[in-house]
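Accompanying notes for the structure given below.
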Amino acid sequence: MKILHKSFGSMDNNCFLIVDEDSNKSALVDCSEYSDRMTALIGDTELEYILLTHGHFDHIGGVEEVKKKYGAKVVISAQDQPMLSSSKASLAAFAGAQHNSTEADIIVADGDVITLGKLGIKVLSTPGHTAGSVCYMVGDALFTGDTLFYCSCGRTDFPTGSPEDMLRSLHRIAALPGNMTVYTGHNQLSTLDFERSNNPYMNM
């Protein structure tokens, strides 16, 4: 497995490409924009999935065009699916951002596994930032979107957010086995051991 990474836009959105090196099949975790930088990240891999951690506009801005170009399947939770077609639900309308409507191809729930070549990408339901926020786990990698950040966590004051759900989700992540690399939705990456020891929200 290979993981590639680029940050996009003024909000420093992290997008990640998971590549099964045996088959050259790939999955993009969040898709902030459609641009030359995004297509460079995808490169010559065979993009099978766009895995969305949640439905806010800064994580889905490039989904429709990337989907059209590569024929990739869009993956999201049922709770956040409405954000794909609503500028209000995605918060684009409130941020003055463009909303490019798209549709989901695969609706996932807690415990589902997405097969990418020889890799199994497991879905972990982690509501709090949004009701349908999810993390994706594969090997020793954990993609947390806007749930878990370096020494912090995502906001809970947006529609469908919940501070109580966020704390439950962070406690669930803290209880995961091992010291996975944490691939966050914004800013710098981290590790699970570091967050267990230093993130105040994981110890509330």
[atom1]/[X] to [atom2]/[Y] distance, rounded to the nearest 0.5 angstrom?
{"X": "Phe16", "Y": "Leu41", "atom1": "CZ", "atom2": "CG", "answer": "10.0 Å"}
{"X": "Lys2", "Y": "Leu4", "atom1": "NZ", "atom2": "CG", "answer": "5.5 Å"}
{"X": "Ser152", "Y": "Met202", "atom1": "OG", "atom2": "CE", "answer": "11.5 Å"}
{"X": "Leu84", "Y": "Glu64", "atom1": "CG", "atom2": "CD", "answer": "10.0 Å"}

Any side-chain to backbone donor/acceptor pair from [X] onto [Y]? Under 3.5 Å, distance only.
{"X": "Asp30", "Y": "Thr53", "result": "yes"}
{"X": "Arg196", "Y": "Asn179", "result": "no"}
{"X": "Asp165", "Y": "Pro127", "result": "no"}
{"X": "Asp110", "Y": "Ser125", "result": "yes"}
{"X": "Asn203", "Y": "Ser197", "result": "no"}
{"X": "Lys67", "Y": "Glu103", "result": "yes"}
{"X": "Thr184", "Y": "Gln188", "result": "yes"}
{"X": "Thr160", "Y": "Ala131", "result": "yes"}

Quiz prompt | ring-ring contact (aromatic ring centres under 6.0 Å, His included) partners of Tyr49, counting only residues at least two apart | solution =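 Tyr49 satisfies ring-ring contact (aromatic ring centres under 6.0 Å, His included) with no residue once adjacent residues are dropped.
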
Self-check item: For His99, all residues meeting ring-ring contact (aromatic ring centres under 6.0 Å, His included), sequence neighbours excluded
Solution: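 Residues passing ring-ring contact (aromatic ring centres under 6.0 Å, His included) with His99: none at all.
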
For residues [X] and [Y], report the shortest heavy-atom separation together with the two atoms involved.
{"X": "Ser7", "Y": "Asn14", "result": "OG-OD1, 2.7 Å"}
{"X": "Thr147", "Y": "Ser133", "result": "OG1-CB, 4.0 Å"}
{"X": "Cys31", "Y": "Ile50", "result": "CB-CG2, 4.0 Å"}
{"X": "Met1", "Y": "Ala141", "result": "CE-CB, 4.5 Å"}
{"X": "Gly55", "Y": "Ile76", "result": "CA-CD1, 4.2 Å"}
{"X": "Cys151", "Y": "Asn199", "result": "C-ND2, 3.5 Å"}

Do [X] and [Y] make a side-chain contact, defined as non-hydrogen atoms from C-beta onward lying under 4.5 Å apart?
{"X": "His59", "Y": "Leu52", "value": "no"}
{"X": "Phe143", "Y": "Leu51", "value": "no"}
{"X": "Val75", "Y": "Tyr136", "value": "yes"}
{"X": "Leu192", "Y": "Leu176", "value": "yes"}

Exercise. Over 60° means perpendicular and under 30° means parallel, so classify the ring planes of Phe194 and Tyr150, tilted if in between.
Key: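 Answer is parallel, since the angle falls under 30°.
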
Quiz prompt | Aromatic plane relationship, His54 with His129 - under 30° parallel, 30 to 60° tilted, over 60° perpendicular | solution =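 Perpendicular.
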
Exercise. Among Val134, Thr126, Asp112, find the one that has a side-chain contact (heavy atoms from CB on, under 4.5 Å) with Ser77.
Key: Val134

Practice problem: Output all residues satisfying salt bridge (charged side-chain N to carboxylate O under 4.0 Å, His left out) with Arg37, sequence neighbours left out; order by chain, then residue number. | Solution: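 Per chain and number, Arg37 pairs via salt bridge (charged side-chain N to carboxylate O under 4.0 Å, His left out) with no residue.
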
Exercise. State, without any angle test, whether Asn24 and Thr45 hold a side-chain donor-acceptor pair at a distance under 3.5 Å.
Key: no

Quiz item: So Leu47 and Leu17, side chain to side chain contact (heavy atoms under 4.5 Å, CB included) or not? Walk me through it.
Solution: CA-CA 9 Å; Leu47 186 67; Leu17 191 76; 3.9 Å; yes

Practice problem: Could I get the full list of side chain to side chain contact (heavy atoms under 4.5 Å, CB included) partners for Ser32, not counting sequence neighbours? | Solution: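 In terms of side chain to side chain contact (heavy atoms under 4.5 Å, CB included), with neighbours along the sequence ignored, Ser32 is linked to Phe8, Asn13, Cys15.
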
Quiz prompt | Listed partners of Cys153 passing side chain to side chain contact (heavy atoms under 4.5 Å, CB included), at least two apart | solution = Met166, Leu170, Tyr201

Self-check item: Test log, rule side chain to side chain contact (heavy atoms under 4.5 Å, CB included), inputs Ile173 and Leu124
Solution: CA-CA 9 Å; Ile173 291 170; Leu124 183 70; 4.2 Å; yes

Practice problem: Return yes when atom CG of Asp36 has more than 12 non-hydrogen atoms of other residues, nucleotides or ligands closer than 6.0 Å, and no otherwise. | Solution: no

Quiz item: Please walk me through it: do Val108 and Ile106 pass side chain to side chain contact (heavy atoms under 4.5 Å, CB included)?
Solution: CA-CA 6 Å; Val108 289; Ile106 300 173; 4.0 Å; yes

Indicate every side-chain donor-acceptor pair of residues 116-123 with a distance under 3.5 Å to a residue at least two apart or in another chain.
none

Exercise. List the steps and the verdict of side chain to side chain contact (heavy atoms under 4.5 Å, CB included) for Thr156 and Ser162.
Key: CA-CA 5 Å; Thr156 60; Ser162 165; 5.9 Å; no

